[in-house]
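Here is the structure we will look at.
Throughout, residue positions are numbered sequentially from 1 according to the sequence presented.
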Amino acid sequence: MAALRYAGLDDTDSEDELPPGWEERTTKDGWVYYANHTEEKTQWEHPKTGKRKRVAGDLPYGWEQETDENGQVFFVDHINKRTTYVDPRLAFTVDDNPTKPTTQQRYDGSTTAMEILQGRDFTGKVVVVTGANSGIGFETAKSFALHGAHVILACRNMARASEAVSRILEEWNTKYHPPPEKCRIKMFD
């Protein structure tokens with residue numbers, strides 16, 4: 001490392017370059033993890049980028065994966081007749097960041113409740129919505145109901161609450177055509 005520093009080669013702009021004391025490794029099934037030899041810890045996320053990676057594809061032609069007596073994976077290059085503990089596929093890793101809902105999602109005044117809940121399943125969940133007979137409360141109750149939640153409408157006026165339930169059930173039947181008992185809504189005054 002001192003020789004690289006002396007030659008000016010230790011400073012690169014590559015975000016994938018590991019900090020000193022770190023090593024990139026792979027599991028038997030191709031997941032990349034990072035070993036911090038300074039703190040003697042491992043982690044799945046790249047120490048600089050925070051990304052998770054996995055190796056792409058099969059081993060190159062002539063390579064074979066083996067396990068030594070300690071259970072550590074090593075790789076045999078039959079063409080050049082050498083072995084290494086470094087996975088030759090590490091040069092061809094791909095990002096594997098699972099899509100997680102982030103707390104920094106950006107919504108604006110035109111974002112609907114249906115857009116916010118898109119792709120989520122609330123089957124088996126119970127949701128109480130106050131003021132559910134009009135405005136934001138109605139849209140929220142409708143969105144949760146259409147995403148499978150058991151929705152309880154908490155309204156001051158039973159007649160308007162009943163009308164809201166009818167409108168939600170009508171949309172449910174128009175869009176999804178299952179029996180009405182699948183869309184469970186209750187009213188309380």
Side-chain angles (χ1 to χ4, degrees), residues 1-127 140 143-150 175-176 178 182:
M1 192 61 160
L4 288 175
R5 200 170 309 126
Y6 178 76
L9 299 174
D10 66 329
D11 185 28
T12 70
D13 292 333
S14 172
E15 70 174 15
D16 285 335
E17 183 182 3
L18 292 170
W22 286 83
E23 180 186 356
E24 190 174 47
R25 296 180 178 173
T26 58
T27 63
K28 288 180 183 180
D29 47 351
W31 293 100
V32 177
Y33 67 99
Y34 302 91
N36 181 343
H37 295 290
T38 308
E39 297 179 15
E40 297 180 353
K41 295 181 180 179
T42 60
Q43 64 187 45
W44 293 109
E45 295 82 18
H46 190 283
K48 281 187 176 178
T49 64
K51 296 179 181 176
R52 288 182 177 222
K53 294 185 175 185
R54 60 181 169 80
V55 293
D58 298 326
L59 287 168
Y61 175 76
W63 285 83
E64 182 181 5
Q65 179 176 318
E66 295 288 334
T67 306
D68 65 14
E69 61 277 352
N70 297 325
Q72 191 167 0
V73 175
F74 68 95
F75 301 89
V76 180
D77 179 359
H78 293 289
I79 295 172
N80 296 310
K81 299 189 180 4
R82 60 184 178 151
T83 61
T84 179
Y85 284 94
V86 178
D87 190 329
R89 300 171 292 178
L90 278 174
F92 308 104
T93 59
V94 294
D95 290 347
D96 193 74
N97 287 333
T99 54
K100 300 181 211 173
T102 117
T103 57
Q104 298 176 350
Q105 290 178 333
R106 305 220 189 276
Y107 300 114
D108 59 19
S110 64
T111 306
T112 66
M114 289 298 281
E115 291 170 337
I116 292 171
L117 297 179
Q118 182 178 359
R120 294 190 171 92
D121 181 19
F122 288 93
T123 304
K125 304 287 184 192
V126 176
V127 178
T140 302
S143 299
F144 276 118
L146 295 177
H147 282 87
H150 179 93
K175 285 188 175 185
Y176 302 102
K182 192 87 164 139

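- Nearest approach of Leu59 to Pro88, heavy atoms of both residues: CD2-CG, 3.9 Å.
- For the atom pair NE2 of His147 and OG1 of Thr123, the computed distance is 10.0 Å after rounding to the nearest 0.5 Å.
- Checked against salt bridge (Lys or Arg N to Asp or Glu O under 4.0 Å), Glu64 has no partners two or more places apart in sequence or in another chain.
- Evaluation of the side-chain contact (heavy atoms from CB on, under 4.5 Å) rule for Glu39 yields Asn36, Lys41 as partners, not counting sequence neighbours.
- For the atom pair NE2 of His78 and CH2 of Trp63, the computed distance is 10.0 Å after rounding to the nearest 0.5 Å.
- Screening residues 69-90 for salt bridge (charged side-chain N to carboxylate O under 4.0 Å, His left out), with sequence neighbours left out, gives Asp77-Arg82, Asp87-Arg89.
- Residues Val76 and Glu66 share a closest heavy-atom pair of CG2-CG, 4.0 Å.
- Here the closest heavy-atom approach between residue Thr26 and residue Val55 is recorded as CG2-CG1, 3.8 Å.
- With values rounded to the nearest 0.5 angstrom, Gln43 atom CD is found 10.0 Å from Arg52 atom CZ.
- The nearest pair of heavy atoms linking Trp31 to Arg54 is CE3-CB, 3.8 Å.
- Residues meeting the ring-ring contact (aromatic ring centres under 6.0 Å, His included) test with Phe122, sequence neighbours left out: Phe144.
- Contact between Thr84 and Val86 at its shortest, heavy atoms only, is OG1-N, 3.1 Å.
- Here Thr27 pairs with Asp29 under the side-chain hydrogen bond (donor to acceptor under 3.5 Å, both in side chains) rule; sequence neighbours left out.
- Residues Lys48 and Tyr34 fail the side-chain proximity criterion, which asks for heavy atoms closer than 4.5 Å.
- Asp68 pairs by the side-chain contact (heavy atoms from CB on, under 4.5 Å) definition with Asn70, Gln72, Phe74, Tyr85, not counting sequence neighbours.
- In this structure, Leu18 and His46 have side chains that are in contact, with non-hydrogen atoms separated by less than 4.5 Å.
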